[in-house]
Structures are given as C-alpha cells and as structure tokens.
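Reminder, nothing fancy here: chain letters follow the sequence lines and each chain counts from 1. All values reported here derive from a predicted model rather than from experimental measurement.
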Amino acid sequence: MNKDKIFKLAKGFRGRAKNCIRIARERVEKALQYSYRDRRNKKRDMRSLWIERINAGTRLHGVNYGNFMHGLMKENIQLNRKVLSELAMHEPYSFKALVNVSRTTFPGNKAVPKKEGLSSIL
Amino acid sequence: MDVKALAGLRRINLDGLRWRVFDAKGQVLGRLSSQIATVLQGKDKPTYAPNRDDGDMCIILNAKDISVTGRKMTHKFYRWHTGYVGNLKERSLKDQMEKDPTEVIRKAVLRMLPHNKLRDDRDRKLRIFSGSEHPFNDRLLEPFVMPPRNVREMRPRARRALVREQKKLEQGNTMVNTQRKKEGADASSGEVKSTDVGSSQV
C-alpha cells in the first residue's frame with residue numbers, strides 16, 4: 001500500500017531512487033522534509049527577491065532601497081514589497097512617481113561632497 | 001586578438017542586452033570590478049531573476065591603465081597550485097600586467113561573481129581590451145558612468161611625503177626655467193647674468 005504511494009512521489013528522481021523501494025523510501029522522506037522546510041523558505045526568498053528588484057529599480061532613479069522605504073514609511077504608503085517590485089518591473093512611470101514622493105519626504109541620497117584629496121595640497 | 005574578442009558571441013542569445021563600455025583608465029581595480037560584476041549579473045535591472053542570466057555585455061577598455069593603491073603592484077601575488085607536490089606557483093601583479101593585463105581584471109571580476117552554473121555564461125559576456133581599440137564599434141554602445149566616490153583623506157605621513165615630492169618637482173622646474181632664461185639671455189644680448197640658482201627657495 002505504501003509502496004505505490006512512494007513510487008508515485010519518487011517520479012523524476014535520479015537513478016535507483018525512482019525504481020528500488022529501499023532507496024526510494026529514503027529519498028522520498030528527504031524530499032518531503034525539504035518541501036516542508038522550503039514552504040517556509042519560499043516566503044523569505046521571494047521577499048528578498050522583491051527587495052533586490054526594488055533596489056535595482058530605485059537605483060535607476062538615484063535613490064537606494066533603504067532611503068526609498070524610509071520615505072514611503074514616513075508618508076504612510078502601505079504598499080508591500082511584492083506590489084512595489086511588480087510596479088518596478090511593469091509600470092515604470094508609476095514607480096518613478098513613487099520614488100519622487102519618497103525623495104521629497106526623505107532626501108537621503110545627496111551627491112557626496114568631495115573630501116579634500118590631492119587637489120587641496122597642490 | 002580580434003578572433004578571441006568575437007569568440008562565443010553566437011552562444012549568447014537574447015539581444016535585448018545593452019553593450020556597456022567601461023573605461024578602466026585611472027580606476028581602482030577592486031572598485032571597478034565590483035561595479036562590473038553588478039552589471040554583469042543584471043542586478044541593476046528591476047527584472048532581475050536569479051535563475052536566468054540577464055546581464056548586459058560589458059566591454060572594458062584601457063585595462064593596462066588600471067591602478068591599485070598601496071604596495072599591491074609589487075606585493076599582490078596570484079597563486080595557484082599545479083597539482084604536483086610542492087608546486088605552488090606565484091606571480092606578482094606587476095608581472096601579470098606585463099604578461100597579460102586583461103587577466104587581472106578578468107580574475108577580479110570572476111572572483112566577485114557568484115560561483116554557480118551561470119558564472120561561465122557571465123564570463124562569456126565580459127570582453128576586456130588592454131588598449132582603447134575594440135572591434136565592436138558598429139554596435140550601439142553605452143558608456144558606464146561610475147558612481148561618485150568619496151576618496152578618503154590622505155594619512156598625515158603619506159600627505160607630507162606627497163608634499164615633499166611636489167616641492168622637489170617644483171624646485172626642479174624652477175631650476176630648469178632659470179637655466180633656460182639664463183641661456184636665452186646669453187644668446188640674445190650676450191650679457192652674463194650671475195644668478196645664484198642654489199639659493200632660490202620656493
């Protein structure tokens with residue numbers, strides 16, 4: 001009874017793990033453990049992917065992710081990172097408007113003032 | 001040289017990619033390489049996805065004019081083991097630059113990319129040239145503007161050494177100038193001017 005279920009779950013495995021019950025049972029158990037763990041990891045991975053995308057999108061407009069989110073929090077804009085990353089990918093003009101809103105509230109990125117390098121001595 | 005630059009271009013599909021040009025003249029090695037690695041991974045695009053390679057083609061010019069701070073030119077060593085017992089070979093940055101300056105930047109960038117299956121494809125998108133000539137002049141090229149950098153203040157001792165060197169150069173210049181003026185005066189008017197060159201303190 002269990003064997004059929006295990007072979008059904010073992011479809012696509014490499015080598016004897018899809019054919020021989022002793023090996024398949026181990027691999028299937030491990031696969032189920034991984035899938036349990038990764039259902040929780042997926043939420044983390046997706047969030048970090050959204051943050052990377054938002055970062056890339058805002059840096060095109062001269063603002064980095066931290067200052068952007070701080071400005072949004074100040075303005076009490078409660079768009080989540082998923083929506084923001086979708087906007088950054090597919091709605092560039094709306095995203096630029098959001099970046100401008102954030103920049104007026106919190107102008108974090110100034111052009112760095114050139115510290116005295118070699119030119120001051122000469 | 002030309003053939004190697006064009007090699008493997010057919011393997012790179014998706015020409016929705018931009019061709020970014022980096023000028024390495026006067027740039028610091030590591031700081032430039034980290035920018036190149038970001039562009040090569042495609043992390044400056046909001047459509048970044050970690051499972052596919054969407055980076056732009058990067059062309060780097062003037063690789064022989066790359067600069068490093070400190071004593072790295074003589075003290076930085078590239079080491080590799082050939083596999084045979086006792087054969088740890090090393091080569092300094094200076095020798096590597098004489099041998100092949102493009103390898104310096106290539107190693108730096110490759111070691112900054114994530115070590116996964118996409119690394120080879122990303123390497124294929126990287127084209128480095130020692131000089132400023134490249135065979136991609138007919139493509140649509142975009143120069144890459146490096147982000148502004150705040151240079152640290154010089155340490156007091158290094159600063160004083162620099163000031164000393166500047167003064168020496170200026171003294172050398174003024175000595176040459178006064179000698180030239182003297183010779184010019186002699187040639188034109190035939191008078192001998194006795195200027196005491198050694199006492200001129202600037």
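- Heavy atoms of other residues, nucleotides or ligands lying less than 6.0 angstrom from NZ of B:Lys107 number more than 12.
- At most 12 heavy atoms of other shown residues, nucleotides or ligands fall within 6.0 angstrom of atom OH in A:Tyr34.
- Summarising the local packing, CZ of A:Arg37 is surrounded by more than 12 heavy atoms from other residues, nucleotides or ligands at distances under 6.0 Å.
- Against chain B, the residues from residues 55-86 of chain A that qualify, each with a non-hydrogen atom under 4.5 angstrom away, are A:Ala56, A:Gly57, A:Leu60 in number order.
- Annotation for B:Lys64: atom NZ counts as buried by contact number, over 12 foreign heavy atoms lying within 6.0 Å.
- Atom CG of B:Leu140 sits in a sparse spot, with 12 or fewer heavy atoms from other residues, nucleotides or ligands closer than 6.0 Å.
- For A:Arg103, the CZ atom is densely surrounded, since the number of other residues' heavy atoms within 6.0 Å is greater than 12.
- For residues 31-45 of chain B, heavy-atom neighbours of chain A at less than 4.5 Å comprise B:Lys43, B:Asp44, B:Lys45, sorted by residue number.
- Residue B:Glu90 places its CD atom among more than 12 non-hydrogen atoms of other residues, nucleotides or ligands, all under 6.0 Å distant.
- Summarising the local packing, CZ of A:Arg16 is surrounded by 12 or fewer heavy atoms from other residues, nucleotides or ligands at distances under 6.0 Å.
- The two residues B:Tyr48 and A:Glu52 have their closest heavy-atom pair at CE2-OE1, 2.8 Å.
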